[in-house]
Amino acid sequence: MANKLIICGDEQNKAEIDSIQGLEIQIDNGDNNIIQIFEPYNFTNFTIRINGSENKIEIGKNAIISNSTVDMGVSMVRRTVKIGEFCRLTDSILSLPETDDLLTIGNHCVIKQKNHIRCDDGHTIFDIDSGEVINRGGKVILGDNVFVGQHSYIGKNVVISNNVVIMPCSVVTKGVEKSNIMAGGNPAKIVRENISFELLK
Amino acid sequence: MPNKVILTEKDKETVLEGKKLEGLSVSFLENSDNNTVKIISPYYFHSFSIVIAGNNNTIEIGANSHIRSTMIVMTVPSDNRTLVIGKNFDFMGGRLDLTSDNNRGIIGDDCIFSSNITMTTEDGHPIYDIHSKKLLNKGGSFTVGNHVWLGYNTTVCKDVEIASNVIIGACSVVTKSIKEENCIAAGSPAKIVKRNVDFSKLLISSYEKQKNNKEDENKNGK
């Protein structure tokens, strides 16, 4: 099956198109990749790089994405990126190097400049005695209303709950299970509880 | 003696007159003399630039290097700086800075560096004690062993030595030497977080396939 770029007003109203303004799609090799985008959208200099088959990207309505890259440049299959409604993504990189990697970003999320979100480390780290792999990744999940400050790094297997603020220059290596908190630092820790943030128009 | 860019192919050295290799730009600034850039073929460069000011500076890059979006900065006019990079070097992007006279940078074989890496031999500006006027931040070198993986956005500060088979976690700031081999160091400042490990350049799925194949071969051999 061929690669598909689908744009929808809603679930019932789908149309297959060739290109979208502000979005560059580079598919090196592979087929049956599906990119589904809901209207309205606002893209500038947004790149999706795919190598491999059966990868899926879904971007919810009212997304504002600029200078960002979804990087599936390593030849692997069945990776999924889901970005919710009303999300803003600026100058950031989402990397999914391995098979079956899953990256989900909830609704009303803000990812500021120079952020890097990775579902896998990209190379293998193993125990020298047993040869056992110790850096297995697979998924990154961000809940609704998550704000990620600039220059942060979100690593493999991180699950962030709803209403969370990640401070600038943080390195998130473990999940943030609590809601309504602010976390930051290297490695990121909870610095404040019972907070919320509002997305200004 | 003039500045030279030398390319070695099959043990034969050629001095490049036009100073041009694909993906590499070498600039020698004004009044610089007797500087040498040595590159061993094969190489893969993309947006790689080298800027040198001063005299008697040497850069050597080993065979089979992949270097992208990187700057080697020797823009402050100083003399006798050396940067030696081993073979099979894989660099996604960053900046190697050698500031003062006699600075030395050494990177071993089989290293992989991610993007946004900064390595410096000096802070660039002096910090001193206000009473004694003694210089507090003297630098001079950085040394990286063989088979080292620097994660995304890592900074390696002056006078740091990283041993072989070490992994530096993403967004780390290495301010002190990591002298133990086979460990993971991470954080700001970087500390050892795990020991007795090694890494493979392969992705996990390819690594496991290779490992299983080897185990099967061993079984069949027996």
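All of these numbers come straight from a predicted model, not from anything done at the bench. In what follows, every chain begins at residue 1, and chains take the letters A, B, ... in the order their sequences are listed.
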| request: Could you check if a side-chain atom of Val171(A) sits within less than 4.5 angstrom of a side-chain atom of Tyr152(B), using non-hydrogen atoms only? | output: no
Nearest heavy-atom neighbours spanning [X] and [Y]:
X	Y	value
Tyr207(B)	Gly131(A)	OH-O, 2.8 Å
Met76(A)	Leu203(B)	CE-CD1, 3.5 Å
Thr124(A)	Leu202(B)	OG1-O, 2.7 Å

| message | Whether the side chain of Ser188(B) engages the backbone of Asn186(A) through a donor-acceptor N/O pair (distance < 3.5 Å, no angle test) should be reported. | response |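 Not a single qualifying donor-acceptor pair exists.
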| So, Asp198(B) side chain and Asp127(A) main chain: donor-acceptor pair closer than 3.5 Å or not? |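 Not a single qualifying donor-acceptor pair exists.
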Is chain B contacted by the side chain of [X], its backbone, both, or neither, given a heavy-atom distance below 4.5 Å?
X	answer
Pro97(A)	both
Asp120(A)	side chain
Ser130(A)	backbone

Return yes when atom [atom1] of [X] has more than 12 non-hydrogen atoms of other residues, nucleotides or ligands closer than 6.0 Å, and no otherwise.
X	atom1	result
Glu198(A)	CD	no
Arg68(B)	CZ	yes
Lys158(B)	NZ	yes
Gln26(A)	CD	yes

Give, for atom [atom1] of [X] and atom [atom2] of [Y], the distance between the pair rounded to the nearest 0.5 Å.
X	Y	atom1	atom2	value
His151(A)	Asn153(B)	NE2	CG	8.0 Å
Glu208(B)	Arg136(A)	CD	CZ	4.0 Å
Ile125(A)	Ser200(B)	CD1	OG	10.5 Å
Glu181(B)	Ile128(A)	CD	CD1	9.5 Å

| Given the rule in the side-chain contact (heavy atoms from CB on, under 4.5 Å) test, do Asn116(B) and Tyr153(A) qualify, once you have shown the distances and angles that lead to the verdict? | CA-CA 12 Å; Asn116(B) 233 348; Tyr153(A) 175 90; over 6 Å; no
| field | Structural part of Lys211(B) lying under 4.5 Å from a heavy atom of chain A | value | side chain
| Picking from Ser114(B), Cys171(B), Ser206(B), Ser172(B), which has the most non-hydrogen pairs under 4.5 angstrom with chain A? | Cys171(B)
| remark: Assert top hit (heavy-atom pairs under 4.5 Å, partner chain B, pool Glu98(A), His123(A), His116(A)) equals His123(A)
| query | Looking at the rings of Phe126(A) and Phe199(B), which for Trp means the six-membered one, are their centres under 6.0 Å apart? | reply |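 No.
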